[in-house]
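Here is the structure we will look at, set down as structure tokens.
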Amino acid sequence: MPTTVGTEAQNADARGGSATGSVEPVLVAEGLVRSFGSLRAVDGVSLRILPGETFGLLGPNGAGKTTVISMIAGLLQPDEGTVTVAGVPMGRSSVEAKGHIGLVPQDLAIYPELSARDNLQFFGKLQGMHGRPLRDRVAEVLDLVGLGDRAKEQSKKFSGGMKRRLNIGIGLLHQPDLLILDEPTVGVDPQSRNAILESVEALSGEGMAVLYTTHYMEEAERLCDRILILDSGQAQAEGTRDELIELTGDADRVHLSGSGDLAAAEGAVAGIPAVASVHRDPHALDLTVRGAPTAIALIVNAATGAGMKLSNVEIRRPDLESVFLHLTGKALRD
Amino acid sequence: MGRVLTMVLSDLKQRVRDFSVLVFAVLVPLALMFVMNLVLSGVADEGLQPITVAVSVPDGDELAAVVPHVLGEASLGELRVTVRDADPEEVRGFVDDGTAGLGVVVPADFTAALTSGTGPEVEIIRGDDSGIAGSVVTAIVDGTLAQLTAGTRAAVAAQGLGVPPEQLGALAQAVATEAPQVTWTEGRTASEQLGMGESIVAGQSGMFLLFTVGFGVLALVTERGQGTLGRLLSMPMKPELIVLAKGIVSFVLGILATTVLLVAGATFFEDVDFGSPVAVAALVVLVVAATTSIMFVIAKVARTAEQAGIAQAIVAVSLGMSGGAFFPVANTGWVGQLLSVNPVKAFTNGLGITAGGGGVGDLGPTALTMAVFTVACLALARVLPERKDVL
């Protein structure tokens, strides 16, 4: 069972909603299970998202994030479990439920031969939009994603960042109750990435619920009201950033870079009582440490005494990376 | 249906913009038709060369005289037969020196041998270059002799039954001369009715159709790879509508491309005429449906666009070749029967029927073949499991 800290009702409170449950979740996913052959890609994942909430699904590559959102978007049928969007059960043929979601796939799901405007109009028509409302909304979204001046250009001529922004624009065109973003910043330059993150921040301000999957810890910290940490298809923990960090016992994160006998150093530092967990990379040790400022001298001595030649030592306040390390014993980037 | 129309129009717009359909569905096959027509036109003419037949018949033998008479009347369509009277000893020489493509020596006492039932021996000498025309003339002589034999035996039998002797000669003569020795029935025997030019146009149109229809249905595989299929499946509509839209795109492109190729072939090539436009249109609809159904099978089994492209090429070339895209393929024997299940072959057979004057009502077996093929492929595509998930 995942560690759950806080509730969506408490979070609704935090955003000015009702604590008595009068705010109905946009998304309710219960006990999702999906296997591919012998691989259990998703194993009993549950989550709820409220209107206006940005919910993060954080996990390394292969954790099962895309499989979870595929089931939520009705692209995959769960082996077990149920999905309800705006109170309507979701399935592969659930026309009504799909009308409440906007999906932004990880792949650039746009037609390269069509212009930005034609792409938006095409998907807008499939969403049931027509005539002037569609044209007005297309123009609005083009401006929102910064493509107003390139609207007539074939999208195959766009840069990667522009394609990403168009990809997102298609997802939010029909102003869905739930926008699902699957790693929308993968392969994007820093400038475009920042523009995308700002766009997502603006969406929750408009009352749209957002399900955001990422393996970038800093994106989850910046955008998400609540976060579910996923690893090997299983939910490890769920809560706000602060709630999740509390799981580490407020332990700091100590990063030792260097060379030499890191295996011996790992064993040596693990024996120190203040050290909660150790993860070894080829050129570094990542530790979660309670009271790092006082224990750091002991840790450095133990590591160097075991044969590690240190090149750098960092003490960081606990973050989601620390939480992931604490919960799984491995780094988020693994 | 609004969403289906939206998807169909969008796909057609994309195909027009990337020029791929224009190139692979129209320009390439047209170019290939021109090249093949140039290369193979000589081969086509060779089989239809006029032929001279040197014939020797005994003087005064009325039944033997039937042979040159029949050959003199045998010219029909592209077959041109010239009969040259010769002495028995001259016939072989004419054939050897090429003066005649074929020689026929009817022995003395031919009629007497026939009536007595002893069986006269007629010598047929074929020249090396007599070609298809030589075979046809040999068949005519053979048929004529069979007819004469039957007529004579009928006369002998009639004599035994008491028919007056003065009527027996007339009876034998009537059987030999009035009944046709070789029956020419145009528009009934499929590919034999297509000339070389028609065969090239029909076969190439059929083969390249298998590439053209891929632009619709196989886009399912391409879009699965690029992510747009996942997005389409997340739209508020039944997933079946996406498949339907792709099928319609294939169908529309197939109809347009095949129509253009057949019309262009009939316009630009000599002696290409496929007959009734209504019957040809019916054939085009049927073959486009059949070839589109194959694409649904490929879309189901291919994991990637590359795999789909390779499978499509293999299917197109295999069915195209066996369907007569590069050379005419006979319908005879069990191999011919097996090949006739091929929609490209059925299409060329059907065009053979229409080219020979057949109408929609004459397309029964051909239409049935393509309809059954279509249903079988769609059923197969339905029951085959997905090779890959959407995402």
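Every chain is numbered from 1, with letters handed out A, B, ... down the list of sequences.
- For chain B, the option among A:H100, A:Q106, A:K125, A:K98 with the highest count of heavy-atom pairs below 4.5 Å is A:K98.
- Highest contact tally toward chain A, considering only B:S234, B:G2, B:G225, is held by B:S234 [criterion: heavy-atom pairs under 4.5 Å].
- Rounded to the nearest 0.5 Å, atoms OG1 (B:T228) and CG (A:N119) are 9.5 Å apart.
- Heavy atoms closer than 4.5 Å to chain B are found in both the backbone and the side chain of A:L126.
- The shortest non-hydrogen separation linking B:G227 to A:A109 is O-CB, 3.4 Å.
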Next item on the list: Just do the side chain to side chain contact (heavy atoms under 4.5 Å, CB included) check on B:Q14 and A:L114 with the steps written out, would you?
Entry: CA-CA 7 Å; B:Q14 292 175 68; A:L114 299 182; 3.6 Å; yes
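- The parts of A:N167 that come within reach of chain B are both its backbone and its side chain, each placing non-hydrogen atoms under 4.5 angstrom from that chain.
- In this structure, CD on A:Q127 lies 9.0 Å from CE on B:M237, to the nearest 0.5 angstrom.
- The two atoms that bring A:F123 and B:M235 nearest to each other are CD2-CE, 3.7 Å, heavy atoms only.
- Partners of B:K246 under the salt bridge (Lys or Arg N to Asp or Glu O under 4.0 Å) rule, at least two apart in sequence or in another chain, are B:D11, B:E223.
- For A:I180, no part lies under 4.5 angstrom from a heavy atom of chain B.
- Of residues 131-148 of chain A, no residue lies under 4.5 Å from chain B by any heavy-atom pair.
- With a threshold of 4.5 angstrom between heavy atoms, A:E96 does not approach chain B through any atom at all.
- Under the 4.5 Å side-chain criterion, counting only non-hydrogen atoms from C-beta, B:R231 is in contact with A:V104.
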